[in-house]
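Working notes for the structure below.
Quick note on labels: first sequence line is chain A, next is B, and so on, each numbered from 1.
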Number of protein chains: 2
Amino acid sequence: MIRILLADDEHLIRGAMAALLSLEDDLEVVAQAATGAEAIATARVVRPDVAVIDLQMPDLDGVAVAQSLAVELPTCSTMIVTSHGRPGHLKRALAAGVRGFLPKTVSSDVLATVVRTVHTGGRYVDPALAAEAISAGDSPLTPREADVLELALEGAPIEEIARRASLSPGTVRNYLSSAVGKTGASNRHEAARFARAKGWI
Amino acid sequence: MIRILLADDEHLIRGAMAALLSLEDDLEVVAQAATGAEAIATARVVRPDVAVIDLQMPDLDGVAVAQSLAVELPTCSTMIVTSHGRPGHLKRALAAGVRGFLPKTVSSDVLATVVRTVHTGGRYVDPALAAEAISAGDSPLTPREADVLELALEGAPIEEIARRASLSPGTVRNYLSSAVGKTGASNRHEAARFARAKGWI
DNA sequence: AGTTCCCCATGACAGATGTCATGACTCTCG
DNA sequence: CGAGAGTCATGACATCTGTCATGGGGAACT
């Protein structure tokens, strides 16, 4: 019997997934959590075999949870399910030791299969997401450029970005200009959206 | 027995919700759809009592589906479930004749209860979303301002917005300036994000 | 030691953007 | 009808942004 921890902030989804996984004879949902912190705390106690974590949760990112679990419970395999699969997340997740990465568009059969796969030490990444990640390529942005571009995401004026990044406005403009060039965008806002879509920030 | 049509592009969620609803004795999921168009086509054939529609789907918006169903199948009550509850959607949904509006954070009990409520002609809107919608207030933007601001959302330069809206660049700048003033933002990008958050565009 | 890349900054310039004044046309409402 | 509001446009002005040249300092690699 594979003991599963399920974490998703959407109560409905979580309950439904639990119901669905429980239909399988060899799977058992032994704990549920609605936040990242809760997931970690619960995992410490119940020590599940597999943790199925939603990528987007109010507090801790699914990847952050996976990172903690990898350290604290090396015997527990972590897999992530997500609604919006951006390439960057996949890379970060794999780097954090996640063994399975699925969009929520897969069928329940696949989910159950992947739970078994990761439990036996295998890995599984959704082919479509993998292809997207490969096509997105590596980020051409330097760390600083990425920082600044991320602050630009909310549409703040350069003055504010400079303050928040503790840089001179001129430097911010240089970084942004460079980022705009690298992304092929026509202004920083477009560049920021593009980089976000690629998972670079 | 209440006959239900379930539409959600996320296969996993849809299957899970179906499993969950089927646990109830008086509910029966008679059809499922992965897109808006599919939902409408299927509904025409199976004529369900209640349609449970996800707000965000690849093709047609959940609200658009609700609108079609209200016309074609007046006997079918429509309710919408969503992950990201923005106030504007709620208003649009109610205007489209939707009888129930829920975030996916609710428990399955609530879902089942609301299905029964809307089936008997009642209405149900999640209290938290309702409060948010009220606090967001009505949009101060004129229709044209909203149009233009929406085009600005992607970060396009004014030149392109003007082309896409078939307006002169000067006019676009006037609308945007007005919108920026009304939202209290410091530039159009911030204004666009703000308006989006409020559900105005 | 030299090269290369990143970080940070400044200054200058052109073009994009935000703001304001102004005006014509249309529609609605009292 | 007149008032008010929305739509569309133009012109002028100040400011913001994007781009480019330039330079010092540090880290990494050859």
Side-chain angles (χ1 to χ4, degrees), chain A residues 88 91-92 95 136-201, chain B residues 88 91-92 95 136-201:
Chain A
K91 280 179 214 165
R92 277 173 49 226
D138 277 338
S139 171
L141 304 174
T142 68
R144 261 342 227 164
E145 282 166 5
D147 286 352
V148 172
L149 202 53
E150 189 159 11
L151 290 172
L153 203 56
E154 293 154 32
I158 285 191
E159 185 61 43
E160 188 186 326
I161 299 175
R163 264 190 294 108
R164 291 220 264 161
S166 302
L167 288 174
S168 94
T171 304
V172 170
R173 288 202 284 163
N174 284 340
Y175 284 151
L176 289 176
S177 177
S178 159
V180 166
K182 285 174 180 175
T183 55
S186 59
N187 59 53
R188 65 200 153 97
H189 305 285
E190 215 175 290
R193 300 185 65 80
F194 182 83
R196 167 68 88 182
K198 289 281 191 184
W200 295 340
I201 59 177
Chain B
K91 281 178 213 165
R92 278 173 48 228
D138 277 338
S139 171
L141 304 174
T142 69
R144 258 347 223 162
E145 282 166 4
D147 286 351
V148 172
L149 202 53
E150 189 159 12
L151 290 172
L153 202 56
E154 294 154 30
I158 284 191
E159 187 59 43
E160 189 185 325
I161 298 175
R163 264 190 295 109
R164 291 221 265 161
S166 302
L167 288 174
S168 93
T171 305
V172 170
R173 287 203 280 160
N174 283 341
Y175 284 150
L176 289 176
S177 177
S178 160
V180 166
K182 285 173 178 173
T183 55
S186 58
N187 58 53
R188 64 200 154 97
H189 305 285
E190 213 176 292
R193 299 185 64 81
F194 183 82
R196 166 68 90 183
K198 289 282 192 181
W200 295 340
I201 59 176

Over how many whole Å does the gap from [X] atom [atom1] to [N] atom [atom2] extend?
X        : N      : atom1 : atom2 : value
A/Glu145 : C/dC8  : CD    : P     : 11 Å
A/Tyr175 : D/dT17 : OH    : C1'   : 18 Å
A/Asn187 : D/dC16 : CG    : C1'   : 13 Å
A/Leu141 : C/dC6  : CG    : P     : 11 Å
A/His189 : C/dA16 : NE2   : P     : 15 Å
A/Leu176 : C/dA16 : CG    : P     : 18 Å
B/Glu159 : C/dT17 : CD    : C1'   : 13 Å
A/Ile158 : C/dA16 : CD1   : C1'   : 12 Å

Would you please confirm or rule out a distance under 4.0 Å between OP1 or OP2 of [N] and any side-chain N or O of [X]?
X        : N      : answer
A/Ser177 : D/dG18 : no
A/Thr171 : C/dA9  : yes
A/Arg173 : D/dT19 : no
B/Ser168 : D/dC8  : no

Want to settle it: does B/Gly170 or A/Gly181 sit nearer the 5' end of DNA chain D, counting the closest nucleotide to each?
->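 Upstream on the strand: B/Gly170.
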First locate atom CG of B/Asn187, then atom CZ of B/Arg193, and finally report the distance between them rounded to the nearest 0.5 Å.
->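 Separation between the atoms: 11.0 Å.
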Atom CZ in A/Arg144, atom CG in A/Leu167: separation rounded to 0.5 Å?
-> 5.0 Å
With the side chain of B/Pro143 defined as its heavy atoms from C-beta on, choose the nearest nucleotide among D/dT10, D/dG6, D/dC20.
->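 Per side-chain heavy atoms of B/Pro143, the pick is D/dG6.
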Minimum-distance nucleotide (side-chain atoms of B/Val180 versus D/dT19, C/dT19, C/dT17) |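 The nucleotide sitting nearest to the side chain is C/dT19.
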Would you call the rings of A/Trp200 and A/Phe194 parallel, tilted or perpendicular if under 30° counts as parallel and over 60° as perpendicular?
->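 Ring orientation, 0 to 90° scale: perpendicular.
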Between B/Asp138 and B/Lys91, is any pair of side-chain heavy atoms under 4.5 Å apart?
->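 Result yes, sub-4.5 Å side-chain heavy-atom pair found.
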Mind listing the closest non-hydrogen atom pair of A/Arg196 and A/Leu153 along with its distance?
->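 The answer is NH2-CD2, 3.0 Å.
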Assign each of A/Lys182 and A/Leu167 to its nearest nucleotide of DNA chain C by heavy atoms, then name whichever residue's nucleotide is nearer the 5' end.
-> A/Lys182
Please confirm whether any donor atom in the side chain of B/Asn174 sits under 3.5 Å from an acceptor in the base of D/dC8, or the reverse.
->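 Result: no qualifying N/O pair found.
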